[in-house]
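Following: one structure in structure tokens, then a few remarks.
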Amino acid sequence: MPELAEVEFFRKRWAQAATGQRVVRVLTHDTKKILRGVDLPALRGAITGATLKVSAARAKQMAFRFSGGAWLGIHLGMSGELFVKPANYTPEKHDHLVLLTARHALVFKDPRMFGGVEFHLGSEPPRWWTKIAPAISSEAFTIEAVAAFLRRRARAPIKAVLLMQERFPGVGNWMADEILWRAAIHPTRQAGSLRPAEVRALWRECRSVARRALATIAGRGDYLPPDLNAHIPRSWLFWHRWEDGGRCPKTKKPLARATIGGRTTCWSPARQKRVARAASPHPKKQASRPRSR
DNA sequence: GTATTTGTTGTTGC
DNA sequence: TGCAACAACAAATA
């Protein structure tokens, strides 16, 4: 499940319950996969008795910082989730890491075990945190940077390129489809074949989808939605991409599905054409984008 | 029993 | 060298 906004949702869930709280105990399970490469005794020693100070999410990575200079990194992989349970919670089969505070159990559950945990002790941020590309919402995410990246990946399908974390940090399968659908670009188009107007549309929709996904999925300020999808509008491709006989929310025409770039991809053939639209002397009016708020 | 899954990494081959 | 494609990782679900 977890892409950019879902990761922030889960981070916030732990942060709301435990920021400022002391960890009294650390439980671990299945050290072979999720916790591979982690110095468990060091992690346990540093985090037991430490207080959760601050946390942040970048792309699909989370960092929880504790007193004493301990950094706990969590990547949810394909099926990972974070929960907050009562302190007397009994860990279940796929609960790989559980932090106990006086009142809560912070649970990292991951059935498929593609996720991972990182640990670092020190005042300097660890490499697994600093190496993450600048956020899509940052000023560094410019049209020029996107255009240059598309040139370098000129022969790959644009869908595959959008999944590359080095330039589109946090974008996963559904966000990539949502972005292409809104930008009206066919997912198999070669990245290098996009016209300047299409590159601009792609850039704009990257920023728009990232911003709106964060606002609707992870909430604003202190507010955390009751569940991940509670506020996602029906007008997004999101809700229709897996539906049998699903229809494009914009054109009402049938959606198509195929494996592109190794991932199941959903698009609207009526809206996303295989070839670039010819330049028009009367550019189509922009799809309405209420800039409210 | 088969095919599917919203992620990442290592390998292979061009 | 750089890039693109693909298998592998593991387990639940339909």
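Letters go in sequence order (proteins before strands), and every chain restarts at 1.
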Among [options], find the nucleotide with the atom closest to the side chain of [X].
| X | options | result |
| --- | --- | --- |
| A:H94 | B:dT6, B:dG7, C:dA11 | C:dA11 |
| A:W242 | B:dG7, B:dT6, C:dA5 | B:dT6 |
| A:R153 | B:dT6, C:dA10, C:dA4 | C:dA4 |

Where DNA chain B forms stems, i.e. three or more consecutive Watson-Crick or G-U pairs with both distances under 3.5 Å: B:2-5 with C:11-14, B:7-14 with C:2-9
A:W14-A:F64 aromatic ring centre distance below 6.0 Å: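 Centroid separation for A:W14 and A:F64: below 6.0 Å.
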Phosphate OP1/OP2 of B:dG7: any A:Q165 side-chain N/O under 4.0 Å: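 For B:dG7, OP1/OP2 do not have a side-chain N/O of A:Q165 under 4.0 Å.
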side-chain N/O A:K33 vs C:dC9 OP1/OP2, d < 4.0 Å: no
What's [X] touching, base or sugar-phosphate or nothing? Going by heavy atoms closer than 4.0 Å.
| X | result |
| --- | --- |
| A:A160 | nothing |
| A:K93 | sugar-phosphate |
| A:G172 | sugar-phosphate |
| A:R112 | base |
| A:R263 | base |

Between atom [atom1] in [X] and atom [atom2] in [N], what is the gap in whole Å?
| X | N | atom1 | atom2 | answer |
| --- | --- | --- | --- | --- |
| A:Q61 | B:dT6 | CD | C1' | 17 Å |
| A:R36 | B:dT9 | CZ | P | 9 Å |
| A:I74 | B:dT8 | CD1 | P | 15 Å |
| A:W174 | B:dT6 | CH2 | P | 13 Å |
| A:K32 | C:dA10 | NZ | P | 12 Å |
| A:W239 | B:dT6 | CH2 | C1' | 13 Å |
| A:M78 | C:dA12 | CE | C1' | 12 Å |

Span that lies between the P atom of B:dT6 and that of C:dA4, in whole angstrom: 22 Å
Check this for me, if you would: do [X] and [Y] make a salt bridge, where the nitrogen-to-carboxylate-oxygen distance has to be below 4.0 angstrom?
| X | Y | answer |
| --- | --- | --- |
| A:E118 | A:K131 | no |
| A:E92 | A:K109 | yes |
| A:R195 | A:E198 | no |

A:F114-B:dT8 aromatic stacking (under 5.5 Å, under 30°):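 Taking the rule of under 5.5 Å and under 30°, the ring of A:F114 does not stack on B:dT8.
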Within-4.5 Å side-chain heavy-atom neighbours: A:H186 and A:W267: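 A:H186 reaches A:W267 side chain to side chain.
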pair A:L35-A:T28: side-chain heavy atoms closer than 4.5 Å: yes
Worked verdict on A:K159 versus A:D177 for salt bridge (charged side-chain N to carboxylate O under 4.0 Å, His left out): CA-CA 7 Å; A:K159 166 63 186 274; A:D177 284 357; 2.8 Å; yes
More than 12 heavy atoms of other groups within 6.0 Å of A:D222 CG: no
